[in-house]
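Notes follow the structure.
Just so it is clear: chains get the letters A, B, ... in the order the sequence lines come, proteins before strands, and each one is counted from 1.
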2 protein chains.
Amino acid sequence: MSITMKDIAAKLGVSESTVSRAINNKPGVGEDTKQKILNLARRYNYQPNLLARNLARQESNMIGLILPDISSLFYSEVTRAIQDIATKHGYQVMVCNTDSDEKRESAYIEWLQGNKIAGIIFLGNGLANNKIINLGLSGYPIVLANRLVEEVMLPSVIIDNNTGAFEATKHLLERGHKRIALINGPKDNLTAQNRFRGYREALKEYNLDYDPSLIINKDWSRECGYQGFLELLNLEEPPTAIFAANDLIAVGVIEAIKMGGYLIPEEIAVVGFEDTIVTSIIEPPLTTVAQPMYELGANSAKKLFSLIEDEDIEENIEILTSKLIVRKST
Amino acid sequence: MSITMKDIAAKLGVSESTVSRAINNKPGVGEDTKQKILNLARRYNYQPNLLARNLARQESNMIGLILPDISSLFYSEVTRAIQDIATKHGYQVMVCNTDSDEKRESAYIEWLQGNKIAGIIFLGNGLANNKIINLGLSGYPIVLANRLVEEVMLPSVIIDNNTGAFEATKHLLERGHKRIALINGPKDNLTAQNRFRGYREALKEYNLDYDPSLIINKDWSRECGYQGFLELLNLEEPPTAIFAANDLIAVGVIEAIKMGGYLIPEEIAVVGFEDTIVTSIIEPPLTTVAQPMYELGANSAKKLFSLIEDEDIEENIEILTSKLIVRKST
DNA sequence: TTGTAAGCGTTATCAA
DNA sequence: TTGATAACGCTTACAA
């Protein structure tokens, strides 16, 4: 339907290669032929067929982004950052939702490779699967964002969840709490594991052993926060503080606490994790550990482009620090 | 780097076309040669080059999504829905953030067309620009989601903001309010205009003239809600109810109200619009007009695929209804 | 059932 | 400065 280089060449009685050179602003075309070509191209609103171009050049101007769910507060913010950097580099981003399903993850990887995508960012909070690892080891440009791999060291940008959780727990300890519950994400989730580790280390520093009955592993949802708190209430000796492993869980916790008629923070203190918009809206405002979401996205993207453009990358694994923000819930 | 059909053909001593037929599960290949080919393909982890395939087939399996900002609560939810439907149809989605900048919009359109994208969804809340209209009229599959075009009727899915705003305002009137302020988005924004219209119609039904000093047009942000309320307070006769044209504005309004020490809803009532997560978190829970976000995305995508697959579409312009959800802020 | 060859719209090499 | 020509990897008539 649309006009091609061949058409332009025919109309002007020049060869396709000359047209190509003119369009791509390459040397080797006379100034006047070049102008004639560009004028005609403009007049007919010529658009290069990027499929053909990429096929011929053996490259592409897209990167892939594989993530669990674009509608989450956290991931959409990170995505935004990646998009911004990609645009600056003249690249587009293919966003792929996996719902943390490994099958879909694999399917997307194949699809992205089939499209000769320049590189992929894996954003998530689980362990990276084998397919990803092999891909990374094969030299294909990939960056892990907020995901880790046990043995192999692939280029990554992660947030120091350990220290963040440590600070959060320590903050509660300093406030005098001794029975601090942790309502966490799934047990096999790396982020959840790190937050648990930080929690435990803080207790240790205060010479407290952690009580398994105070640890709940469920999901990252509001509902789980709500249910989790109810479960904790049934303990013989219920906790006086809750460390929720993300803000949404904390929201559920706070709702359950209020429903029970307890006072926050006087009777029960709550800390969240992430610093999404909800922390400043909920009553009382939530003490939380701020995650540098935009930075996570931006730095991952920058790292990926370094890889794509074959630049040296300074640090293979970049660790961003999270920061405790004290509000009224503690 | 990766293996191609040519390689497979050479290894097996068959022709490329036979390989192609086998890979694509087309008739005209003997069962045993087919198996031999498929086995080899599996063994070498053959991935079809989709650039080449799409170039040859003159089609693609991507659709484009152009929107203002993926990190917004509203758009990320709509995007999620579009992704879900696209995946079901075997398509991928290219997400393009424009920040409502027309230049970037145009740039994206060209890029998407250059990649021979199968169709585009324009999601936003402004008027569609000329480039979009021309594209639509040229027969290219496009769907407008939550955007309108003045004269031309392009396939669209929109939310009935007018009625939603009408209901919200009427609800306040029924509660006995006479001085109802509207803190709205930008004046040139279509969504904002429709919400204003519904607001005015409701007043009319109650034989009230609208007072221009009670109308504030700013931005869709929390900050604007906060500032807007402060401005309203300075009026000789301040409003007793605020209709905020989206939830984020409402959040700002509520914060300002609380800061001023007023009671909600006893002294000042507040209604929002959208029903994002914040409405159930803020204190008091926000009465709002629920937007069918997921439906907006899903139906837009379905419509686009009807267009792409050349099916008849039942209604060219589909109007989704929004629904008033009464909570404690009124 | 299989192969040949042209074509998709570019780019890139090598001559002219 | 230009133009043939092959190549990118795949699809698809058309022949055999």
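In this structure, a donor-acceptor pair under 3.5 Å is present between the side chains of A:Asn189 and A:Asn125. With 3.5 Å as the limit, one finds a donor-acceptor pair spanning the side chains of A:Asn24 and A:Arg53.
Note: CG (B:Leu12) to C1' (C:dT1) measures 15 Å, nearest angstrom. Here C:dG7 presents its C1' atom at 16 Å from CG of B:Asn54, a figure rounded to the nearest Å. Distance, A:Gln35 CD to D:dT2 P: 13 Å, rounded to whole Å. Rounded to an integer number of Å, the gap from A:Gln47 CD to C:dT10 C1' is 15 Å. Regarding A:Glu59, its CD atom lies at a distance of 16 Å from the C1' atom of D:dG9, rounded to whole Å. In this structure, B:Asn49 atom CG and C:dT10 atom P are separated by 17 Å, rounded to whole Å. One can place CG of B:Leu55 at 13 Å from C1' of C:dT11, the figure rounded to the nearest angstrom. Taking atom NZ of B:Lys6 as the reference point, atom P of D:dA6 lies 13 Å away to the nearest angstrom.
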Got a list of side-chain donor-acceptor pairs under 3.5 Å for residues 109-117 of chain A, not counting sequence neighbours?
| from | atom 1 | to | atom 2 | distance (Å) |
| --- | --- | --- | --- | --- |
| A:Glu110 | OE2 | A:Lys131 | NZ | 3.0 |
| A:Asn115 | ND2 | A:Trp111 | O | 3.2 |
| A:Lys116 | NZ | B:Ser2 | OG | 3.1 |

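Under the rule for a ring-ring contact (aromatic ring centres under 6.0 Å, His included), A:Tyr140 has no partner lying at least two apart in sequence or in another chain. Not counting sequence neighbours, the partners of B:Thr4 by the side-chain hydrogen bond (donor to acceptor under 3.5 Å, both in side chains) test are B:Asp7.
Between A:Gln58 and D:dG9 there is a side-chain polar atom (N or O) within less than 4.0 angstrom of OP1 or OP2. For the OP1/OP2 pair of D:dG9 and a distance below 4.0 Å, the side-chain nitrogens and oxygens of B:Thr4 include no atom meeting the criterion.
Using a 4.5 Å cut-off on side-chain heavy atoms (C-beta onward), A:Asn61 and A:Asn54 make contact.
In the helix from C:dT1-D:dA16 to C:dA16-D:dT1, the rotation axis of the first five pairs and that of the last five pairs differ in direction by 40°, rounded to 10 degrees.
Residue pairs meeting the ring-ring contact (aromatic ring centres under 6.0 Å, His included) criterion with at least one member in residues 18-76 of chain B: none, sequence neighbours excluded.
Smallest separation of non-hydrogen atoms from B:Pro155 and B:Lys303: CB-CD, 4.1 Å.
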Scoring nucleotides 11-16 of chain D by protein non-hydrogen atoms under 4.0 Å (B base, S sugar-phosphate only, - none) yields SB----
